[in-house]
Amino acid sequence: MFFGFGVLKGMTVTFKNFVLSYFSKERLTTVQYPEERLPEKERFRNFPFLIYDNKPEDLRCVSCDICAKECPPKCITIVRDSDEAGKPLKRPKVFDIDFSICMNCGICEEVCPFDAIFMDHEFELAEYGRFEDLNYHKDDLLKSNEYFAKIRPHDAAEVDARLAEKAKKEAAAKTVAPPAVPPQPPQPQQN
Amino acid sequence: MDYALKNSETLETQTLEVNLGPQHPSTHGVFQMNVILEGETIVRLKPVMGYLHRNHEKLAENMSYLGSMPFTDRLDYICSMTNNFAYATAVEKMANMEVPERAQYIRIIMAELTRLVNHTLLIGFLLNDLGAFFTPVLYAFREREKILDLFEAVAGSRMMCNYFRFGGLKVDVTGDFIPHVRQIINNYPKFLDEFEELLSENEILMARCQNVGIISKDLAINAGLSGPMLRATGVPYDVRKIDHYSIYDRFKFRVPIGEKGDVYDRYYIRILEMRESIKILDQAIKEIPEGEFISKTGAVAAKTPRNFKLPKGDAYSRIEAPKGELGFYLVSDGTTKPYRYHVRAPSFINLTVLEDMCLGYKVADAIINLGSIDIVLGEVDR
């Protein structure tokens, strides 16, 4: 072949791509982001959120501190709540996640024994401040179980089934042997 | 140096020192080349590394074994799946863990898909270095995106996958995984044909790449090169064939080798390797069995990483990552944290021959020599 044939052959490829980009979605793959969006993948993970069951007071988190210990970059801070007598309660007083440190690995949701923390799909979180604005507190992190079922239907169904079975077992255990300590009245919610 | 002498007889000349990088798009990240020039010819080249040092190895000594897994994603951030793979095999070797059949197959599929991603992207960026601005690299990005979509659907993240666990995988693949991989297997050869039509016989590319940056066999072996860099010099050395780690002995594939060891060989060997990867994918996807995706002990270790201990001792485990031999060396003192954790990073060791490749060539050749080594600074500096 004559010199320059390889270049010309390459040019036909670019020309073919150029022309076909008007007709074929395969060739023109650009998505005009803010106006157009790709469908979200269910397993997509970004930052963690805390889950509550019916109302925001019913946090699933019992402040066991496992996620904070397992978190590789140590972005979770938990302080356990206590009543007036100083007795520790099974709920967090402070639950902070610093999103400027979090690296979206998803280990917190894997190790949580109470299915209380899950990875969110929310990714448009730009802020002006560098430090405090991205340090999300407990109230910012709370999201309902319905929201979880909306963004991750398969995982939510699995978790709900697991929790229902656990509740059934606990109820069965209670009917067999009544607990030594009488059930406590609901605590007044702080913050 | 003979260039300097030749010129000094006629006219007094001086060498010129040029810093290429660290803020330079052709250095693929924050890498500095300290080049001494005689006219336009390179007489000395000093690579300066460490701008992206993030303490990876020391960090790993202060956290649980699983805690380092998401950090391995960030070594070579283009092929996080193979980094996970290498680390998981190292821990499994120490803990004597079994990996279920299905997990093995999914691991192989993910590793070969990663090889496709890496080689496609490398060729795109190599052409960028040659001055073919962004047409080839955007074609490469277009195809890579299809594989990254698959990674996102399965592992949850496009690049920082964090998908492997000791003794298996984080989670089973989704229902549409196999059709999606089939689609990639069917479409990728067409794309490679098109890519080759665009590039392989291009006279400009041949003139720039052939007989440039030649590495001899001896130098390649003595410098400890691995991966496509070594095979391009004509040494048939592939850890997949030699160690038969995981279940690579079940697949039929060939190891392409080059002749001269120039930039063109290193370019072409990657095209051939991608074709072989597609063969492996094709076989793996046909044979993939049903079953568990993680062993029982592995599931416990993934759920409670803080209690996961390795027996006293050490282990070195290596795999054929897209860039070369990626190895993890672990020393355990019996606690939940590694006593020593070392990464044998292929792009770091392949980078050591850069000066030998560049001496006597022009500055523009140094750029494509660097591009053909296939470095990712996340892995070089760690």
Side-chain angles (χ1 to χ4, degrees), chain A residues 1-18 20-21 24-31 38-46 64-75 102-113 118-121 123 152 154-155 158, chain B residues 59-60 62-64 66-71 73-74 127 132 135-136 138-139 141-143 145-146 149-163 165 170-171 173-175 187 190-191 193-207 299 302-307:
Chain A
M1 279 299 155
F2 60 91
F3 184 81
F5 180 74
V7 176
L8 283 179
K9 216 167 68 171
M11 294 287 192
T12 57
V13 172
T14 48
F15 187 72
K16 202 170 77 185
N17 270 286
F18 169 65
L20 284 177
S21 68
S24 156
K25 202 87 189 93
E26 277 284 296
R27 305 274 173 182
L28 188 70
T29 47
T30 315
V31 177
L38 289 171
E40 273 177 5
K41 307 270 191 305
E42 195 191 327
R43 287 184 187 172
F44 169 64
R45 59 184 142 81
N46 204 29
C64 66
D65 216 26
I66 286 175
C67 55
K69 275 183 195 137
E70 294 293 355
C71 176
K74 301 276 181 286
C75 68
C102 174
M103 64 172 183
N104 329 102
C105 63
I107 282 184
C108 50
E109 80 169 12
E110 273 178 78
V111 299
C112 182
F118 284 102
M119 302 305 274
D120 204 348
H121 284 190
F123 57 90
R152 289 165 60 176
H154 286 90
D155 293 341
E158 207 176 284
Chain B
L59 273 177
N62 289 306
M63 61 180 70
S64 65
L66 186 64
S68 321
M69 187 66 91
F71 283 113
D73 294 339
R74 287 148 176 87
L127 266 289
T135 300
L138 281 178
Y139 291 170
F141 268 133
R142 184 183 67 201
E143 296 305 313
E145 206 61 27
K146 290 169 191 162
D149 277 349
L150 178 77
F151 286 173
E152 188 183 355
V154 172
S157 191
R158 294 166 70 249
M159 289 174 80
M160 302 296 130
C161 300
N162 186 16
Y163 183 53
R165 291 289 175 271
K170 180 183 168 188
V171 55
V173 292
T174 47
N187 291 338
K190 286 180 212 155
F191 160 69
D193 291 342
E194 195 186 86
F195 216 38
E196 271 208 78
E197 204 178 324
L198 176 67
L199 304 172
S200 286
E201 286 171 32
N202 189 312
E203 281 85 2
I204 304 170
L205 184 132
M206 291 204 282
K303 193 77 186 159
T304 54
R306 64 197 170 282
N307 298 333

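Below, chain A is the first sequence line, B the second, and so on; all start at residue 1.
In terms of heavy-atom pairs under 4.5 angstrom with chain B, the leader among Thr12(A), Val111(A), Leu38(A), Leu8(A) is Val111(A). Of the residues considered (Val171(B), Thr135(B), Leu59(B), Leu205(B)), Val171(B) shows the highest number of contacts with chain A, using heavy-atom pairs under 4.5 Å. The residue among Glu196(B), Met206(B), Lys146(B), Arg74(B) with the most heavy atom pairs within less than 4.5 Å of chain A is Arg74(B). Options Gly4(A), Pro73(A), Pro72(A) differ in how many heavy-atom pairs under 4.5 Å they form with chain B, and the most are formed by Pro72(A). Ranked by heavy-atom pairs under 4.5 Å with chain A, the list Leu66(B), Val154(B), Asp73(B), Thr304(B) is led by Val154(B).
With a threshold of 4.5 angstrom between heavy atoms, Thr14(A) approaches chain B through its backbone and through its side chain. Neither the backbone nor the side chain of Phe195(B) comes within contact range of chain A; no heavy atom of the residue lies under 4.5 Å from a heavy atom of that chain. With a 4.5 angstrom heavy-atom cutoff, Thr30(A) does not touch chain B via any of its atoms. Looking at Cys71(A), there are no atoms closer than 4.5 Å to chain B (heavy atoms on both sides), in backbone or side chain. Contacts between Thr174(B) and chain A at a heavy-atom distance below 4.5 Å involve backbone atoms as well as side-chain atoms. Heavy atoms of Met160(B) lying under 4.5 Å from chain A belong exclusively to its backbone. For chain B, the nearby part of Ile66(A) is the side chain; its heavy atoms alone come within less than 4.5 Å.
Annotation: side-chain hydrogen bond (donor to acceptor under 3.5 Å, both in side chains) contacts involving residues 149-159 of chain B, sequence neighbours excluded, comprise Glu145(B)-Arg158(B).
With a 4.5 Å cut-off on side-chain heavy atoms, Cys108(A) and Met119(A) count as touching. Here the side chains of Asn17(A) and Glu194(B) are in contact, with some heavy-atom distance below 4.5 Å.
If you run salt bridge (Lys or Arg N to Asp or Glu O under 4.0 Å) between Arg152(A) and each of Glu40(A), Glu109(A), Glu42(A), Glu158(A), only Glu109(A) comes through.
Dense packing is recorded around CZ of Phe123(A), with more than 12 heavy atoms of other residues, nucleotides or ligands lying under 6.0 Å away.
One N or O on the side chain of Lys74(A) and one on the backbone of Lys69(A) form a donor-acceptor pair closer than 3.5 Å.
For the residue pair Asn104(A) and Arg45(A), no side-chain donor N or O sits within less than 3.5 Å of a side-chain acceptor on the partner.
Remark: Glu197(B) pairs with no residue by the salt bridge (charged side-chain N to carboxylate O under 4.0 Å, His left out) rule, at least two apart or across chains.
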